[in-house]
**Q** 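Here's a structure for you.
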Amino acid sequence: MKRIIKSDIIPETLQNAPVPTNVKQVDKDIYRADDVCKQLLEDQHYQCAYCECRITKEYNDVEHYRPKSIYYWLGHNWKNLLYACDFCNRTCKNDLFPLKDESKRVTVPGNLEEEEPLILNPTSEDPTAHIRYNRHMLIGITDQGRTTIDLFKLNQRPVLVHDREQLFELYHRELSTLKNVRKLLESPDLPPESRAILVEISNLSSASIEQYKSKDTPYSGMLVNQ
């Protein structure tokens, strides 16, 4: 899971959208409009907000962080919208929105500040404050982190675990290569031809490392603090 920097520019469809007064007024043609999907996908680097898998517009969902079935007045609210893969949205989360204290749940328009959600919102908080990694496996260090990992089955989905492990191994292989090459380059007796080759290898490894850590790379959230 990685931090998402959401655009301050609200998509045009949402700018004059009505605020629903009940769940029936939440209009999918508004919150799933093309300009909304496009901006969400770009902001999230075409990755699921929760599991970081690669997503496309055609087969995935505009997701309401606070479920529209409960928080209907936020149904067209830009700050409440994310893009998620169908597994995270439909199989895992659906209408679930656990709170630390259910007695503080807000069910009519009002102040939401007293609510303490147990699902991380990567657009408003840094996941690294709640989640750490043991190699490619996630470890929750707060109630929010643990609930998010469990709810979205982030350590139980074979494809996610496999792809994170592959990225982890590639990243650390390049780090090792870069370290060894830089050590060789310290030698004052290195022939110019060998030095040139090693410099090229060093540059390629550095470029690979930057690509692996890029926000455009799925699962790079685990490399933030490595």
**Q** Do Tyr83 and Tyr46 belong to the same hydrophobic cluster, where Ile, Leu, Val, Met, Phe, Trp and Tyr are linked whenever their side-chain heavy atoms lie under 4.5 Å apart, directly or via other members?
**A** yes
**Q** Compare every heavy atom of Asp43 with every heavy atom of Ser7, then report the nearest pair and how far apart it is.
**A** N-OD2, 2.9 Å
**Q** Using modelled atom types and a 3.5 Å cut-off, is there a donor and acceptor pairing between side-chain atoms of Asn180 and backbone atoms of Ser176?
**A** yes
**Q** Is any side-chain heavy atom of Ser208 closer than 4.5 Å to one of Glu174?
**A** yes
**Q** Can you tell me if Trp78 uses its side chain to pair, donor with acceptor, with the backbone of Gln15 under 3.5 Å?
**A** no
**Q** Determine, for Arg135 against Glu169, whether the closest basic-nitrogen to carboxylate-oxygen distance falls under 4.0 angstrom.
**A** yes
**Q** Is any side-chain heavy atom of Asp34 closer than 4.5 Å to one of Thr13?
**A** no
**Q** Hey, could you give me the OG1/CD distance between Thr217 and Gln47, rounded to the nearest 0.5 Å?
**A** 7.5 Å
**Q** Is there side-chain contact between Cys88 and Cys48, with at least one heavy-atom pair below 4.5 Å?
**A** yes
**Q** Could you tell me if Tyr50 and Glu63 have a donor-acceptor pair between their side chains, going purely by distance under 3.5 Å?
**A** yes
**Q** Run the salt-bridge test on Lys38 and Asp35 with the 4.0 Å N-O cut-off and return the result as yes or no.
**A** no
**Q** Using only atom types and a distance under 3.5 Å, with no angle test, would you say the side chain of Lys28 pairs donor to acceptor with the backbone of Ala33?
**A** no
**Q** Below 4.5 Å, heavy atoms only, C-beta onward: do Leu160 and Tyr219 meet side chain to side chain?
**A** yes
**Q** Is it true that atom CD of Glu200 has more than 12 heavy atoms of other residues, nucleotides or ligands lying nearer than 6.0 Å?
**A** no
**Q** Side chain of Thr147, backbone of Asp143: donor and acceptor closer than 3.5 Å?
**A** yes
**Q** After noting the C-alpha distance and the side-chain angles of Tyr31 and His64, does the key distance pass the side-chain contact (heavy atoms from CB on, under 4.5 Å) rule?
**A** CA-CA 9 Å; Tyr31 69 78; His64 291 80; 3.6 Å; yes
**Q** Could you go through the side-chain contact (heavy atoms from CB on, under 4.5 Å) check for Cys51 and Phe152 one step at a time?
**A** CA-CA 7 Å; Cys51 75; Phe152 294 106; 5.8 Å; no
**Q** In terms of side-chain geometry, is the basic nitrogen of Arg66 or Glu115 positioned less than 4.0 Å from the acidic oxygen of its partner?
**A** yes
**Q** Does the side-chain contact (heavy atoms from CB on, under 4.5 Å) test come out yes or no for Leu81 and Asn77, once each step is laid out?
**A** CA-CA 7 Å; Leu81 301 179; Asn77 189 303; over 6 Å; no
**Q** Can you find a pair of side-chain heavy atoms, one from Leu170 and one from Tyr212, that are under 4.5 Å apart?
**A** yes
**Q** If you take all heavy atoms of Val19 and Gln25, which pair is closest and at what distance?
**A** O-OE1, 4.3 Å
**Q** What are the two closest heavy atoms between Ile119 and Glu125, and how far apart are they?
**A** O-OE2, 4.2 Å
**Q** Step through the shown structure and confirm whether more than 12 heavy atoms of other residues, nucleotides or ligands are within 6.0 Å of CD on Glu165.
**A** yes
**Q** Does Arg195 reach the main-chain N or O of Ser187 with its side chain, forming a donor-acceptor pair under 3.5 Å?
**A** yes
**Q** Can you see which heavy atom on Cys37 is nearest to which on Val62, and at what distance?
**A** SG-CG2, 3.7 Å
**Q** What pair of heavy atoms forms the shortest contact from Ile139 to Asn134, and how long is it?
**A** CD1-CB, 3.5 Å
**Q** Are Ile201 and Leu190 connected in a single hydrophobic cluster, I mean Ile/Leu/Val/Met/Phe/Trp/Tyr linked by side-chain heavy atoms less than 4.5 Å apart?
**A** yes
**Q** Do Ile131 and Met137 belong together in a cluster built from hydrophobic side chains that touch within less than 4.5 Å?
**A** no
**Q** Rounded at 0.5 Å granularity, tell me how far CG in Leu82 sits from CG in Leu40.
**A** 7.0 Å
**Q** Between atom CG of Leu167 and atom CD of Glu52, what is the distance when rounded to the nearest 0.5 Å?
**A** 9.0 Å
**Q** When hydrophobic residues are tied together by side-chain contacts of less than 4.5 Å, even through go-betweens, does Val23 share a cluster with Val106?
**A** yes
**Q** Donor-acceptor pair, Asn22 side chain versus Lys24 backbone, under 3.5 Å?
**A** yes
**Q** Under the criterion side-chain contact (heavy atoms from CB on, under 4.5 Å), I'd like the reasoning laid out for Ile5 against Arg3: C-alpha separation, chi angles, the key distance, then a yes or no.
**A** CA-CA 7 Å; Ile5 306 301; Arg3 184 79 164 91; 4.1 Å; yes
**Q** Mark yes when over 12 heavy atoms from residues, nucleotides or ligands other than Gln156 sit less than 6.0 Å from its CD; otherwise mark no.
**A** yes
**Q** Would you kindly confirm whether Ile141 and Leu154 end up in one hydrophobic cluster when ILVMFWY residues are joined by side chain heavy atoms under 4.5 Å apart?
**A** no
**Q** Would you indicate whether the side-chain heavy atoms of His76 and Val26 approach each other to under 4.5 Å?
**A** yes
**Q** Could you check whether any side-chain N or O of Asn89 sits under 3.5 Å from a backbone N or O of Asp61, counting only pairs where one atom can act as donor and the other as acceptor?
**A** no
**Q** Quick check for you: to the nearest 0.5 Å, what is the distance between Lys2 atom NZ and Ser220 atom OG?
**A** 2.5 Å
**Q** Is it true that Gln144 and Lys100 share a donor-acceptor pair across their side chains at a distance under 3.5 Å?
**A** no
**Q** Decide whether Asn121 and Thr123 meet the rule of one side-chain donor and one side-chain acceptor closer than 3.5 Å.
**A** yes
**Q** Which pair of heavy atoms, one from Ser202 and one from Arg182, lies closest together, and at what distance?
**A** OG-NE, 4.3 Å
**Q** Within the 4.5 Å heavy-atom criterion, are Leu178 and Ile209 side-chain neighbours or not?
**A** yes
**Q** Will you find, in the side chains of Tyr171 and Gln166, an N or O donor that is under 3.5 Å from an N or O acceptor?
**A** no
**Q** Closer than 3.5 angstrom, by distance alone: can the side chain of Thr148 be matched with the main-chain N or O of Leu120 as a donor-acceptor pair?
**A** yes
**Q** Drop me the distance from Asn80's CG to Ser124's OG, to the nearest 0.5 angstrom.
**A** 10.0 Å
**Q** Taking side chain as C-beta onward, heavy atoms only, is Asn203 less than 4.5 Å from Val199?
**A** yes
**Q** Which distance, rounded to the nearest 0.5 Å, do you find between the CG of Leu138 and the CE of Met222?
**A** 9.0 Å
**Q** Taking the six-membered ring for Trp, are Tyr65 and Phe97 closer than 6.0 Å centroid to centroid?
**A** yes
**Q** For Glu102, is there an ion pair with Arg105 - N to carboxylate O distance below 4.0 angstrom?
**A** yes
